[in-house]
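Note that these values count all heavy atoms, side chains included, but never hydrogens, waters or copies made by symmetry. In what follows, chains carry the letters A, B, and so on, assigned in the order in which the sequence lines appear, proteins first and then strands, with residues in each chain numbered from 1.
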Amino acid sequence: MQRTARRKATIGISSNSDIGIGPYGDSLPVPVLTSLAQIAVALRILPMPPNTVDYKHTLMLPRTSFPMRASLAKREPKLLKRWDDLGIYDRLRQKSGRPSFVLHDGPPYANGHLHIGHALNKVLKDMVVRSQQMLGMDSRFVPGWDCHGLPIEWRVEERYREQGIGKDEVPVLELRNECRQFAAKWIEIQREGFQRLGAIGNWQAPYLTMDFHAEAVIAAEFMKFVMNGSLYRGSKPVMWSTVEKTALAEAEVDYEDHVSASIWVRFPIDPEASRDFAASGMPQDAAVLIWTTTAWTIPSNRAICFSPKIDYALYEIRDVPEGNWARRGELLIIAEALVDSCMTAARVRDWRRVRRVTPAELDKLVCSHPFRGKVPAEEPPVNRWDYPVPMLPGEHVKDEAGTGFVHTAPSHGEDDFLIGRKHSLPMTHNVTEDGRFRSTLPIFGGLEIYTSSGQEGSANSVIIDNLICSGHLTARQKYKHSYPHSWRSKAPLIFRNTPQWFVSIDKVLDDGKGTLGDTIRERALEGVLRHVKWTPPTGMSRLHSMLEQRPDWVLSRQRAWGVPLACFVRKDADMGSGDYLLRDEAVNARIVRAFGNEGADAWYQDGSRERFLEGLYPPEEYEQIFDILDVWFDSGSTHAFALRDRADGTEDGIADLYLEGTDQHRGWFHSSILQACGTTGRPPYRGVLTHGFTLDGNGKKMSKSLGNVVAPQAVVEQHGADILRLWVAQSDYTSDLRIGPAILKTAIENYRRLRNAFRFILGNLHDLSTDQMVELDDLPELERWVLHRLHELDQKVRDAYVRYDFRAAYVAIFDFLNGDLSRFFFDIRKDRLYCELPTGIPHRATRTVLAILFNHIATWLAPILPFTADELWLHRNKGEDSSIHLVDFLAVDDRWRDNSVASKWKSIRRIRRAVNAEIERQRDMKAIGSSLEAAPLVYVADQEVREILRSVEFADICLTSQVIISDALPAEASDINPAPEVYVEFRPAVGEKCARCWKTLPDVGTHEHPAICERCDTVVSQL
RNA sequence: GGGUCGGUAGCUCAGUCGGUUAGAGCGCACGCCUGAUAAGCGUGAGGGCGGAGGUUCAAAUCCUCCUCGACCCA
């Protein structure tokens, strides 16, 4: 309806003198509708007159079975099946003479469904694998899974618990088998999910850390640390879960808010034990005030730390409420910056600063424990608190919270441990693995710190009660702070002193692998700096600074599901002595062989100690170690069993690329480089690519509670894997990636444009045979320009893929297809494609270029959109064995490169834009609709450019019926100052509209077919 | 609290060694076409570059501080 109204308006204007006669005077009235009947037809009031031929049938309109709607969710599984049947991955391996490229898969943990982060990671990997292959490499990808470890063991235990079975009642081999089954189940689910994303690889034979071979290699790799002397057994406070009854690795710890009872406790000065006390002038009854959030560590206190950088002072309490813990007249040493908060907490109404207390004074002081004298002297010393509590300087002490004094229990804190070691403080063993005080401890024996379900036990309150009784508590307050929790059980953790196995990363290794350095740390640091290419480059400093600071590697876990630290220790030897750890290649070989055949379960079989030692050492003199290895050791060893030992690994056991999220600087990149530097002397990778994390559409972390989680499965089912992949390609993976409905919409829209542009190409290629293609020399200049652009793009796209810059590749392709082709080339050439004689050179020339474009662009897209690219490919390349994924990026012909054509067409497009602008103005004024109604006059000041315009079919290029290139600036523009470089004057096209090509030309009506132009007349008569 | 990184139009991103009026695509608005049609084409409106200082003739680009977000660590 609207259309008719507009037509009316146009005619109305044409009858008006402002356009019809116009400023030029000599123009014909517009539009050229000369009879009522024509008007009626134009208005769609009357049908086409019976004597008018419908020339539509004489056109070569696009024809294709390539659907506009992708229906990716349905189509993709079919393509996957086809690729599987074809064995694409294996076929690619048969291409010989190619340099090898191996992206080594970082193994995801085999529990739970895939989330969007998994999908991002695997899609990026796939883009690398596919693009490297198409760049000419033999690009292999062996997917892997991380199978051992606490989360799986925990889930299996949970199942037992649901049946009312405690974990200690389950035989270890049965438990391990359950874990194995559990992992296997999730591997299947995840494998299917990854494959659905289009990831290509050796999915038939992935590597698993629980494969027997892998378990044997992991044990063998561990033995290298046994043999090179870097393994030692030490005692260390570690994060300990009283629920899981195990030490946790850093990666297994979550920090969450937790409310603790914080207490201020006075430690009376012991004048007897302090040095030079008499001369110090310090009052005998002064006390040092400490603050702690872990009351349960008080019985294990061995020192108090102060900072030499903090100002301290002695304060006298002058006024307190009745019955207050802090007493009137009391003398306390406190950091000056914290005295206000301390006094407030202690409800002190008035106090006085007596004098400054210097670090030198503090250094000489010794305090007594609040529980001194509580236990009868008959008890052994280890059960009494009568020991001196020295004051020690410590850099870790801050004056931001508390009192400026840190109560120090060497067995229950990292800093405490270091200070304790430095000053030879005794380690205490007061807390057992179930989170209770040892039963032999007076007063508190058997009290729970945290219960087996993670609740707070009675230990804290009993200790606080005792402090109140003995008059040592000054204040208490609830304190909310970030506190470590188990990532699995969410229970709060404690620091607990436990025997653990460590790898010393600063021990000089005499293993003949010292090219990069003598210690693991030196080698890793040197490797990071000089032997790894980082994408983006910032990854380097991140890993480097972590490696610089990290402490020794704690390898042992007191769990069941993993590879044991397969070694023996002498029962009668001291932990520090040289013969404590059994180092024997023959024993090791037995163990590795057994693991290879039976898996690490062999370690847990009855009689395994005898089996491995018999004939070599007296078994009864040795203790078998049943701790298992940190799972990071497993994954840190993947290079050994997945690269070094596999035929489809790499020759030197080194990967070309590791590709993971930035969290893996602490994780896999880290454990792998430590492991490899200890066993091979260098990093296991030549390149590392890191990507950011996935956030929701607003840049917030995804969480179930916020309901902003985007599941990859949902995207794939709704829109298709190619849409998800396009989202990856259009994002900058070096920082965090956002995903949400609006962002996916962008990907969908862009996908449609890509698809439709290809549909147009396919539609115009439908019956093109190779013999119709024309030679380069026969191509019109516009076609030559397109090939020039294609040549440029080829370099750009390849460079981008080499840099793993998929976004740059995608943007280049998309902009070319959109900006240069759809909007320019296609629009202009529709006339030739539809109207010219199919056997003629102009028609064939354009189609030749379309065919070339199709092949190149489709292959460029294949690493990003493997499904759509192959769907496209199969429309042009039928055949049972055909697939775009079996070809490389196509070579370009260097003759396509023509910089003179390029600069020429740059000018042409500039002038064309000016013409477009003028036509748009006329449209706004309702003077014309289609640009074919125009025949503008174009003046260009530069004569060279004028010549260029005359040398091409500029009217076609502007989509106008005719164009006049003028040497002179039209009179009405001559007063514009400064004189315009380009001036376009609108003129209506002269003549009648050709019923076939719709151009308005003067010769229409003078040919055999009266309704069409000369070109069309010629074409039609030859059809 | 510390380390690393990031914050440019509604969205996704460019922006070289500091140098005209900060760019592109998508989306949006308006218009055209109806022979790429649940398509295609054109035109346009949107930001002053997270904030505040500073260096400089000149800062989105360099420096300092702050803020927000992410990862890692405490």
Side-chain angles (χ1 to χ4, degrees), chain A residues 3 6 55-64 66 68-69 250-251 253 255 396 398 400-401 413-415 482-484 536-546 548-550 661-667 670 690-695 697-701 726-727 729-732 734-753 755-764 807-808 810-811 814-815 817-819 822-824 826-828 830-831 833-835 913 915-917 919-926 928-933 959 996-998:
Chain A
R3 188 176 296 140
R6 190 194 54 73
Y55 287 100
K56 188 167 175 176
H57 309 298
T58 70
L59 298 171
M60 317 294 130
L61 292 178
R63 211 165 68 207
T64 178
F66 184 76
M68 184 179 273
R69 296 210 47 160
E250 296 95 329
V253 176
Y255 284 81
H396 64 290
K398 299 272 167 11
E400 283 148 6
E414 187 101 50
D415 291 324
S482 165
Y483 190 83
T538 48
M540 179 168 83
S541 62
R542 186 158 179 186
L543 184 55
H544 193 266
S545 66
M546 281 181 188
E548 268 180 322
Q549 293 163 22
R550 69 150 300 137
T662 56
D663 55 334
Q664 298 304 326
H665 284 105
R666 171 61 57 180
H670 195 114
T690 53
H691 57 80
F693 271 61
T694 44
L695 309 173
N698 299 314
K700 292 269 185 292
K701 211 188 286 195
L726 197 60
W727 163 72
Q730 75 179 18
S731 302
D732 171 13
T734 64
S735 60
D736 292 335
L737 290 77
R738 296 179 179 200
I739 188 168
I743 295 167
L744 277 172
K745 198 180 156 210
T746 305
I748 293 164
E749 296 290 345
N750 289 339
Y751 177 84
R752 282 199 191 130
R753 283 193 68 80
R755 190 173 176 92
N756 275 314
F758 267 105
R759 185 161 182 268
F760 177 82
I761 298 177
L762 279 174
N764 285 291
R807 166 161 233 283
Y810 162 68
V811 168
F814 185 79
D815 285 352
L817 199 55
N818 226 6
S822 263
R823 284 184 174 166
F824 188 61
F826 295 170
D827 223 24
I828 293 165
K830 274 188 222 172
D831 177 70
L833 288 167
Y834 301 170
C835 302
R913 267 193 293 278
V915 173
N916 265 340
I919 288 172
E920 184 63 20
R921 268 190 50 204
Q922 299 300 325
R923 275 200 195 105
D924 273 356
M925 294 189 291
K926 308 291 178 197
I928 63 168
S930 163
S931 57
L932 283 175
E933 292 165 32
L959 305 180
R996 186 166 177 272
C997 72
W998 294 348

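Per the geometry, NZ belonging to A/Lys926 stands 9 Å off C1' belonging to B/C32, to the nearest Å. Note: CZ (A/Arg755) to P (B/C26) measures 19 Å, nearest angstrom. One can place CG of A/Leu61 at 14 Å from P of B/U34, the figure rounded to the nearest angstrom. Regarding A/Ile743, its CD1 atom lies at a distance of 4 Å from the P atom of B/U12, rounded to whole Å. To the nearest angstrom, C1' of B/G10 lies 12 Å from CZ of A/Arg738. Going from atom CG of A/Leu695 over to atom P of B/C68 covers 17 Å, rounded to whole Å. Atom NE2 in A/His691 sits about 16 Å away from atom C1' in B/G6, given to the nearest Å. A straight line from NZ of A/Lys701 to P of B/G6 spans 20 Å, rounded to a whole angstrom.
Using a 4.5 Å cut-off on side-chain heavy atoms (C-beta onward), A/Ile743 and A/Gln730 make contact. Two residues are said to be in side-chain contact when any heavy atoms from C-beta on lie closer than 4.5 Å; A/Thr662 and A/Arg542 meet this criterion.
The closest donor-acceptor contact from the side chain of A/Trp727 to the backbone of A/Arg738 lies under 3.5 Å. Side-chain atoms of A/Asn818 do not come within 3.5 Å of backbone N or O of A/Phe814 as any donor-acceptor pair. Of the possible polar contacts, none joining the A/Asp736 side chain to the A/Gly692 backbone as a donor-acceptor pair under 3.5 Å is found. Listed for the A/Arg759 side chain is no donor-acceptor partner under 3.5 Å among the backbone atoms of A/Thr64.
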Would A/Phe758 and A/Leu817 count as a side-chain contact (heavy atoms from CB on, under 4.5 Å) if you check the C-alpha gap in whole Å, the side-chain angles of each, and the deciding distance to 0.1 Å?
CA-CA 9 Å; A/Phe758 267 105; A/Leu817 199 55; 3.9 Å; yes
Assess the residue pair A/Ser822 and A/Asp827 against the criterion (side-chain contact (heavy atoms from CB on, under 4.5 Å)); give the C-alpha distance rounded to whole Å, side-chain angles, the decisive distance to 0.1 Å, and a yes or no.
CA-CA 6 Å; A/Ser822 263; A/Asp827 223 24; over 6 Å; no
side-chain contact (heavy atoms from CB on, under 4.5 Å) evaluation trace for A/His670 with A/Arg550:
CA-CA 10 Å; A/His670 195 114; A/Arg550 69 150 300 137; 3.0 Å; yes
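In the set B/A36, B/C73, B/U34, B/C73 carries the atom at the smallest distance from any side-chain atom of A/Arg666. Closest contact between the side chain of A/Asp663 and the listed nucleotides B/C71, B/U12, B/G35 involves B/C71. Closest approach to the A/Phe760 side chain among B/A70, B/G25, B/A36 is made by B/A36 (side chain taken as heavy atoms from C-beta onward). Of the candidates B/A70, B/C26, B/C5, the closest approach to any side-chain atom of A/Glu749 belongs to B/C26.
To the nearest whole angstrom, the two P atoms, one in B/A45 and one in B/G7, are 27 Å apart. With C1' as the reference atom, B/G27 and B/G46 are 11 Å apart, rounded to whole Å. Going from the C1' atom of B/G18 to that of B/C11 covers 29 Å, rounded to whole Å. Annotation: B/A59 and B/G48 have their C1' atoms spaced 12 Å apart (nearest Å). As rounded to the nearest Å, B/U37 and B/C49 have C1' atoms that lie 40 Å from one another. Annotation: B/G19 and B/G23 have their P atoms spaced 13 Å apart (nearest Å). Rounded to whole Å, the separation between the C1' atoms of B/A9 and B/A14 comes to 13 Å. Remark: the separation of the P atoms in B/A60 and B/U55 is 16 Å, to the nearest Å.
For A/Arg923, the side-chain hydrogen bond (donor to acceptor under 3.5 Å, both in side chains) partners two or more places apart in sequence, or in a different chain, are A/Glu920.
Here B/G46 is in the syn range [glycosidic angle within 90° of 0]. The glycosidic torsion of B/C17 lies within 90° of 0, placing the base in the syn range. Against the 90° criterion about 0, the sugar-base torsion of B/G31 places it in the anti range.
Each of A/Gln730 and A/Gln549 lies near RNA chain B, and the nucleotide nearest A/Gln549 is the one positioned closer to the 5' end. Comparing A/Val811 and A/Tyr834 along RNA chain B, the residue whose closest nucleotide (by nearest heavy atom) sits nearer the 5' end is A/Val811.
B/A52 is paired with B/U64 under the Watson-Crick or G-U wobble criterion, all donor-acceptor distances under 3.5 Å. Applying the Watson-Crick and G-U wobble criteria (two distances, each under 3.5 Å), B/U4 pairs with B/A70. When both distances must be under 3.5 Å, the Watson-Crick or G-U wobble mate of B/A29 is B/U43. Base pairing annotation: B/A24 forms a Watson-Crick or G-U wobble pair with B/U12, both donor-acceptor distances under 3.5 Å. Pairing of B/G19, defined by two Watson-Crick or G-U wobble distances under 3.5 Å, is identified with B/C57.
Salt bridge annotation for A/Asp663-A/Arg666: absent, with no cationic side-chain nitrogen under 4.0 angstrom from a carboxylate oxygen.
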Nucleotide N/O to protein N/O under 3.5 Å, stretch nucleotides 45-50 of chain B:
none

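Between A/Lys745 and B/U12 there is no side-chain N or O to OP1 or OP2 distance below 4.0 Å.
In terms of heavy atoms, A/Leu932 sits closest to A/Trp998 at CD1-O, 3.5 Å.
Base contact: A/Trp998 has a heavy atom under 4.0 Å from a base atom. Nucleic acid contact for A/Arg921: none, since no nucleic acid atom lies under 4.0 Å from a heavy atom of the residue. Note on A/Gly699: only backbone sugar-phosphate atoms sit closer than 4.0 angstrom, heavy atoms only; bases stay farther off. Base contact: A/Leu59 has a heavy atom under 4.0 Å from a base atom.
Considering A/Asn764, A/Leu762, A/Ile761 in turn, A/Asn764 is the only one that fulfils the side chain to side chain contact (heavy atoms under 4.5 Å, CB included) rule with A/Pro62.
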How would you summarise protein contacts on nucleotides 39-44 of chain B per nucleotide, using B for base, S for sugar-phosphate only and - for none, with heavy-atom distances below 4.0 Å?
SSSBS-
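On a pure distance criterion of 3.5 Å, a polar donor-acceptor pair joins the side chain of A/Arg542 and the base of B/C71.
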